[in-house]
Amino acid sequence: MEITTGACRLGLWFVHVSWQGDLVLRVRFSRQGVESSVPAPIRRYCAGQREDLLALTSTATEGDSVMARIYREVRRVPYGETATYGAIAAKVGTAPRVVGMAMARNPTPLVIPCHRIVAKGGIGGFSPEVGIKEHLLSLERRAARKNGEFNPDL
DNA sequence: CAGTGTTCAGGAT
DNA sequence: ATCCTGAACACTG
């Protein structure tokens with residue numbers, strides 16, 4: 001199967017995706033872009049529909065490295081909810097800081113929802129802009145609420 | 001070696 | 001109550 005690349009709009013930004021079937025190789029954000037095709041679940045997600053993206057996979061979750069185990073744990077955080085760096089670290093058996101590094105180097109945001117990982121006393125970081133993280137979290141809050149869910153947190 | 005999208009305990013103010 | 005240190009950790013330039 002061929003490797004495909006495309007982009008779709010997300011608020012003020014564009015989401016650029018490189019994928020091969022259900023396997024997503026890379027996701028990145030930028031201000032520039034031209035609308036083209038992306039995997040259907042990502043298009044629905046960006047349109048603000050409730051979509052957990054679990055149908056897609058990422059190469060970053062493969063293997064036994066600490067990084068891969070962190071990424072697998074992050075994927076278990078449900079749509080519309082958040083977890084702290086420390087909580088993920090405790091489950092994997094490493095330090096919170098290592099989780100931060102894994103998030104910073106996440107090759108496939110959205111598919112591995114690093115935006116749902118927040119600091120204990122604040123939102124935590126996000127590259128290239130924390131504004132994207134805020135946008136994603138409020139997008140998920142809205143969609144979850146529309147589905148009749150009650151989210152006291154966030 | 002220093003530096004990361006952190007957190008906690010311990011101590012001083 | 002808030003503010004500083006240092007340590008723990010996996011990985012990169």
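No experiment lies behind these values; they were computed from the predicted model shown. Convention: sequence-line order gives letters A, B, ...; per-chain numbering from 1.
Comparing C/dA8, C/dA10, C/dC11 by their closest approach to the side chain of A/V98 singles out C/dA10. Proximity note for A/M101 (side chain, C-beta onward) versus C/dA8, C/dA10, B/dG5: the nearest is C/dA10. Nearest to the side chain of A/M67, among B/dT7, C/dC9, C/dA10, sits C/dA10. Closest approach to the A/R105 side chain among C/dA8, C/dT12, B/dT4 is made by C/dT12 (side chain taken as heavy atoms from C-beta onward). Relative to the side chain of A/T94, the nucleotides B/dG5, C/dA8, C/dA10 differ in distance, and C/dA10 lies closest. Of the candidates C/dC11, B/dG5, B/dC8, B/dC8 carries the atom nearest the A/K120 side chain, counting heavy atoms from C-beta on. Ranking C/dC11, C/dC9, B/dG5 by closeness to the A/S127 side chain, first place goes to B/dG5.
The gap from the P atom of C/dC3 to that of B/dG5 amounts to 23 Å, rounded to the nearest Å.
Minimum heavy-atom separation, A/S58 to A/T108: OG-OG1, 2.9 Å.
The CD1-P distance, from A/I117 to B/dT6, rounds to 13 Å in whole Å. With rounding to whole Å, A/H115 atom NE2 is found 18 Å from B/dG5 atom P. Rounded to a whole Å, the CE atom of A/M103 is 23 Å from the P atom of B/dG3. Computed from coordinates, the A/R97 CZ to C/dT12 C1' distance equals 13 Å when rounded to whole Å. Rounding to whole angstrom units, CG of residue A/N106 and P of C/dA10 are separated by 19 Å. Atom-to-atom, CZ of A/F29 to C1' of B/dG5 comes out at 14 Å; the value is rounded to the nearest Å. Distance, A/I123 CD1 to B/dT6 P: 12 Å, rounded to whole Å. Atom CD1 of A/I112 and atom C1' of B/dG5 are 15 Å apart (whole Å).
With a cut-off of 3.5 Å on both pairing distances, B/dG5 has no Watson-Crick or G-U wobble partner at all. Base-pair partner of C/dC9: not found among the strands shown (Watson-Crick or G-U wobble, both distances under 3.5 Å).
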**Study point:** Derivation of the salt bridge (Lys or Arg N to Asp or Glu O under 4.0 Å) call for A/R141 and A/E149
**Key:** CA-CA 9 Å; A/R141 264 201 314 266; A/E149 292 170 36; over 6 Å; no
Practice item. Could you check A/V17 against A/L110 for side-chain contact (heavy atoms from CB on, under 4.5 Å), going step by step and ending with a plain yes or no? Key: CA-CA 10 Å; A/V17 188; A/L110 304 188; over 6 Å; no
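Among the heavy atoms of the strands lying under 4.0 Å from A/G86 are primed sugar atoms or P, OP1, OP2 only; no base atom is included. Among the heavy atoms of the strands lying under 4.0 Å from A/A119 are primed sugar atoms or P, OP1, OP2 only; no base atom is included.
We find that A/E62 and A/R72 are not joined by a salt bridge, their nearest charged nitrogen and carboxylate oxygen being 4.0 Å or further apart. With salt bridges taken as basic N to acidic carboxylate O contacts below 4.0 Å, one links A/E140 and A/R116.
Put simply, CZ on A/F29 and CZ on A/F126 are 4.5 Å apart, with the number rounded to the nearest 0.5 Å.
In terms of position on DNA chain C, the residue among A/P96 and A/S65 whose nearest nucleotide sits closer to the 5' end is A/P96.
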